[in-house]
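Within every chain, numbering begins at 1; the chains are lettered A, B, ... in the order of the sequence lines, protein sequences first and strands thereafter.
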2 protein chains.
Amino acid sequence: MTSIPKKNTDAAPDQQTEQKILDAARHVFRRAGFGGARMQEIADQADISKPALHYYFRSKEKLFQQVFETDFERYMAPLGIIIRDPGMDLEKRIRTFVSSYIETLAEHPILPLFIMHELANNPDRISEFVVNRLLSGNSDQEHPERQGFGIFVNQISEGVQSGSFHPVDPVQYILSLLGMCVYPFIARPMIKKLLQLPEDRYRQMMLDRRQEVITYALRILVRDQNRLSHPAK
Amino acid sequence: MTSIPKKNTDAAPDQQTEQKILDAARHVFRRAGFGGARMQEIADQADISKPALHYYFRSKEKLFQQVFETDFERYMAPLGIIIRDPGMDLEKRIRTFVSSYIETLAEHPILPLFIMHELANNPDRISEFVVNRLLSGNSDQEHPERQGFGIFVNQISEGVQSGSFHPVDPVQYILSLLGMCVYPFIARPMIKKLLQLPEDRYRQMMLDRRQEVITYALRILVRDQNRLSHPAK
DNA sequence: ATACGGTCTGACTATATGGTCAACCATAAA
DNA sequence: TTTATGGTTGACCATATAGTCAGACCGTAT
């Protein structure tokens with residue numbers, strides 16, 4: 001299977017079909033979760049028959065794994081900004097992270113809820129691969145909460161010790177930063193209902209939010225706001 | 001079994017059994033969601049038969065509605081602090097809200113994910129009753145984002161105008177406040193995995209978090225931190 | 001004792017769903 | 001044309017699950 005039967009549109013055999021299935025499956029799985037998704041609906045949406053679906057992906061579980069792994073990486077990818085580039089200063093790191101994270105989520109608004117729901121049902125789905133990347137750096141300190149995010153945590157700790165930052169717990173700070181970015185997407189149905197926002201205005205509000213969150217995040221941390229590259233008025 | 005058929009403990013016939021069912025159902029629904037929950041599992045956990053379960057609650061939907069309504073109110077209740085008590089000053093309001101919200105969530109860690117997941121699947125489940133209470137106050141302004149949370153929003157706006165607060169968008173600020181409180185519970189499986197925390201240490205971390213979030217929230221908002229009732233060192 | 005009525009159950013139905021399979025189709029090589 | 005092969009399907013199976021029902025059970029009132 002997946003071989004090269006004919007000339008399908010151009011090169012790939014039916015990678016086209018495979019991709020069509022993955023797109024349909026992602027759509028259905030995100031909305032309904034693993035348990036709520038129906039193979040028939042995925043087949044319909046990919047415009048193929050149910051046996052054809054099983055021909056490409058042996059089982060629902062296998063299909064889900066591919067979809068979930070892709071989405072999990074998509075969800076975690078922006079965190080790489082917090083980890084990589086040791087040379088980047090903390091302010092730049094925070095600005096870049098918040099912007100790219102919120103942008104990613106604005107493109108995939110139901111991604112966080114999907115990921116978190118599946119992880120709650122089956123924590124073993126947490127990809128060891130991605131986890132290891134997050135924890136890369138130092139890995140067996142006596143302070144387990146200091147593991148991973150090494151550069152980020154160190155930058156915060158140094159700033160706190162030098163007095164240029166307010167005293168914050170780095171882990172609690174990271175959770176707050178993530179919460180400010182992610183929560184509005186988790187609560188999307190509530191927000192749209194309470195504020196009576198259509199999708200496009202909701203989306204715009206999320207994009208406006210980037211600058212606001214950056215400001216909040218830096219104000220929590222940095223003592224002298226005038227030293228920022230774009231000081232608040 | 002377990003039934004003292006008639007005069008059960010006092011008045012109601014077998015409110016005891018009914019409560020036992022609701023407890024079991026809440027447990028199962030919270031973990032698996034409406035779609036993933038099995039009536040058989042609920043029956044088992046309540047230690048009754050499946051037909052008995054249907055005897056007390058006609059259908060899965062009916063049972064779910066009762067569970068969900070209770071949990072939805074439990075989830076929204078702390079928000080009342082933001083709304084009621086017009087006399088309470090903003091600092092006190094924030095301190096009280098954050099503490100009680102995080103405490104509620106620490107008692108029911110999977111509540112937020114449950115509520116949000118069900119709301120995403122079926123936004124119509126948003127209780128009109130609770131929504132109306134949240135929106136109480138002013139209700140048909142030309143600024144729909146200013147509806148509800150009236151007192152809270154006004155207090156922020158006044159502080160901003162008087163110059164004692166940093167300029168913040170009240171709605172974005174509220175979202176940030178909620179995000180800092182709720183997100184760590186949404187991401188509980190990730191956090192426990194990444195930090196390798198057992199449940200009790202996770203819980204303690206959440207309780208420690210109360211003060212940290214309060215500090216962050218006030219630092220985002222209030223210009224002169226020395227005017228706070230408990231100024232940061 | 002007997003009848004009544006609320007509580008409960010074994011056995012059942014209807015339906016939905018993941019998955020399978022033998023046969024079929026279309027293309028290209030022989 | 002024949003044949004081989006990847007791709008596709010209608011029909012089917014096994015299982016799971018929400019929900020039903022006739023009747024059993026049991027304490028109470030008559």
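The distance between atom CD1 of A:Ile48 and atom P of D:dG10, rounded to the nearest whole Å, is 12 Å. To the nearest angstrom, P of C:dT9 lies 11 Å from CD of B:Gln40. Rounded to an integer number of Å, the gap from A:His54 NE2 to D:dG7 P is 17 Å. In this structure, B:Leu53 places its CG atom 15 Å from P of C:dT7, rounding to the nearest Å. If you measure from atom NZ of B:Lys20 to atom C1' of C:dT7, you get 12 Å, rounded to the nearest angstrom. Taking atom CE of B:Met39 as the reference point, atom C1' of D:dT20 lies 13 Å away to the nearest angstrom.
In terms of modelled atom types and a separation under 3.5 Å, the side chain of B:Glu212 and the main chain of A:Asp169 share a donor-acceptor contact. Of the possible donor and acceptor atoms, none in the side chain of A:Arg201 sits under 3.5 Å from a partner among the backbone N and O of A:Pro198. A distance-only check finds no donor-acceptor pair linking the side chain of A:Arg125 to the backbone of A:Glu118 [under 3.5 Å]. Within the 3.5 Å criterion, the main-chain N or O of A:His27 finds no donor-acceptor partner in the side chain of A:Gln45.
Between the side chains of A:Gln65 and A:Glu69, no donor-acceptor pair is found at a separation under 3.5 Å.
Take A:Glu128 and apply the salt bridge (Lys or Arg N to Asp or Glu O under 4.0 Å) test, not counting sequence neighbours, and it matches B:Lys193. In this structure B:Glu73 satisfies the side-chain hydrogen bond (donor to acceptor under 3.5 Å, both in side chains) test with no other residue, sequence neighbours excluded. A search for side-chain hydrogen bond (donor to acceptor under 3.5 Å, both in side chains) contacts involving B:Asp208 returns B:Gln204, not counting sequence neighbours. With sequence neighbours left out, B:Lys50 forms a salt bridge (Lys or Arg N to Asp or Glu O under 4.0 Å) with no residue at all.
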Quiz item: Which nucleotides of nucleotides 10-15 of chain C have their base under 4.0 Å from a protein heavy atom (B), which only their sugar-phosphate (S), and which neither (-), written as one string 5' to 3'?
Solution: B-----
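Distances shorter than 4.0 Å separate none of the side-chain N or O atoms of A:Arg38 from OP1 or OP2 on C:dA16. For D:dT8, neither phosphate oxygen OP1 nor OP2 lies less than 4.0 angstrom from any side-chain nitrogen or oxygen of A:Tyr55.
For the segment residues 57-66 of chain B, the set of residues with a heavy atom within less than 4.0 Å of an atom of DNA chain D comprises B:Ser59, B:Lys60, in numerical order.
Residue contacts shown for A:Ala37 are limited to sugar-phosphate atoms, with no base heavy atom under 4.0 Å away.
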